[in-house]
S.K.: 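Structure provided below as structure tokens; questions to follow.
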Amino acid sequence: ETRLMRTDIRDTEGGYEFCVDLPGFRKEDVDVDLRNGYLTVRAKNDYEEDGASSGAKYLRRERYAGTFSRSFYVGEGISEDEIRAKFENGTLMLSVPKKDSAALPERKRIAIE
């Protein structure tokens with residue numbers, strides 16, 4: 001769900017800088033992988049059923065337990081050892097080098113009749 005993983009992507013001279021907001025997550029909760037040119041960020045939280053065993057009733061529950069993910073196309077010419085990742089204060093920073101193959105294919109419009 002994108003509202004839980006808001007992401008800014010900066011185009012720098014040497015690459016792309018991804019800044020992914022993951023408030024409330026720990027570094028151990030976050031996984032990043034690269035497959036077929038797609039960089040995927042997954043975050044999992046296990047908010048326990050606080051008070052479920054004691055019979056506590058909630059007036060409001062806004063925290064969601066589960067797994068969230070987002071994928072970004074970075075190009076098939078990128079390897080995982082070229083990507084740098086840092087997690088600090090609930091923010092995941094990813095640095096991806098810029099390569100010609102990382103450019104998205106040209107968008108072709110389809111005529112609507």
Side-chain angles (χ1 to χ4, degrees):
E1 188 168 319
T2 57
R3 68 186 174 93
L4 296 173
M5 294 180 81
R6 292 187 175 156
T7 303
D8 292 337
I9 304 172
R10 278 187 353 173
D11 184 351
T12 65
E13 188 174 319
Y16 302 99
E17 299 288 331
F18 292 75
C19 182
V20 184
D21 281 348
L22 295 165
F25 290 91
R26 298 169 302 164
K27 184 170 87 171
E28 299 80 27
D29 300 329
V30 180
D31 181 50
V32 181
D33 66 54
L34 179 66
R35 182 179 300 173
N36 298 325
Y38 285 90
L39 185 66
T40 301
V41 177
R42 285 183 191 81
K44 180 178 182 181
N45 61 25
D46 293 320
Y47 293 129
E48 296 180 18
E49 293 295 323
D50 300 335
S53 60
S54 66
K57 294 181 182 178
Y58 284 92
L59 299 176
R60 175 180 223 123
R61 284 212 60 157
E62 295 182 347
R63 297 185 305 163
Y64 177 78
T67 302
F68 310 93
S69 70
R70 288 199 68 186
S71 294
F72 306 93
Y73 184 75
V74 295
E76 294 185 27
I78 305 291
S79 65
E80 61 274 0
D81 60 339
E82 296 177 287
I83 298 172
R84 300 286 173 256
K86 181 179 180 182
F87 189 82
E88 190 173 8
N89 298 325
T91 301
L92 175 66
M93 299 293 294
L94 298 165
S95 297
V96 180
K98 189 181 287 186
K99 294 190 175 182
D100 291 338
S101 61
L104 290 172
E106 182 179 332
R107 175 183 259 175
K108 300 197 179 188
R109 298 193 65 109
I110 298 172
I112 301 173
E113 294 181 22

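The structure displayed is predicted, hence computed values, not measured ones.
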S.K.: Taking side chain as C-beta onward, heavy atoms only, is L39 less than 4.5 Å from S71?
M.R.: no

S.K.: With R26, which residues qualify under side-chain contact (heavy atoms from CB on, under 4.5 Å), at least two apart?
M.R.: E28, D29

S.K.: Measure the shortest side-chain to side-chain distance between L22 and T91 over non-hydrogen atoms and say whether it is less than 4.5 angstrom.
M.R.: no

S.K.: Write down the atom of E13, the atom of K98, and the distance for their closest heavy-atom approach.
M.R.: O-NZ, 4.1 Å

S.K.: Using modelled atom types and a 3.5 Å cut-off, is there a donor and acceptor pairing between side-chain atoms of T12 and backbone atoms of R10?
M.R.: no

S.K.: Keeping the roles fixed (side chain from K44, backbone from F68), state whether a donor-acceptor pair exists under 3.5 Å.
M.R.: no

S.K.: Do any N or O atoms from the side chain of D31 and from the backbone of V41 form a donor-acceptor pair under 3.5 angstrom?
M.R.: no

S.K.: Hey, what do you get for CE (M93) to CZ (F18), rounding to the nearest 0.5 Å?
M.R.: 11.0 Å

S.K.: If we only count heavy atoms from C-beta on, is the T7 to C19 side-chain gap below 4.5 Å?
M.R.: no

S.K.: Does any part of the side chain of M5, heavy atoms only, come nearer than 4.5 Å to the side chain of L92, both counted from C-beta?
M.R.: no

S.K.: Sequence neighbours left out, cut at 3.5 Å: what donor-acceptor pairs do the side chains of residues 82-90 make with other protein atoms?
M.R.:
residue: E82; atom: OE1; partner: S79; partner atom: N; Å: 2.8
residue: E82; atom: OE1; partner: S79; partner atom: OG; Å: 3.2
residue: E82; atom: OE1; partner: K99; partner atom: NZ; Å: 3.2
residue: E82; atom: OE2; partner: K99; partner atom: NZ; Å: 2.8
residue: R84; atom: NH1; partner: D81; partner atom: O; Å: 2.9
residue: K86; atom: NZ; partner: E88; partner atom: OE1; Å: 3.4

S.K.: Quick check on the hydrophobic clustering: are I9 and V96 connected, directly or via other members, by side-chain heavy-atom contacts under 4.5 Å?
M.R.: yes

S.K.: State, to 0.1 Å, how close A43 and F25 come at their nearest heavy-atom pair, and which atoms those are.
M.R.: CB-CE2, 3.6 Å

S.K.: Is there a donor-acceptor contact under 3.5 Å from the side chain of R6 to the main chain of V20?
M.R.: no

S.K.: Evaluate side-chain contact (heavy atoms from CB on, under 4.5 Å) for D33 paired with R42, printing each intermediate quantity in order.
M.R.: CA-CA 9 Å; D33 66 54; R42 285 183 191 81; 2.5 Å; yes

S.K.: For this output row, return yes or no: ring centroids of F72 and Y38 closer than 6.0 angstrom.
M.R.: no

S.K.: Classify the side-chain pair S95/E17 by whether it contains a donor and acceptor separated by less than 3.5 Å.
M.R.: yes

S.K.: Are any non-hydrogen side-chain atoms of D21 and P23 less than 4.5 angstrom apart?
M.R.: yes

S.K.: How many angstroms lie between atom CG of L34 and atom OG1 of T40, to the nearest 0.5 angstrom?
M.R.: 8.0 Å

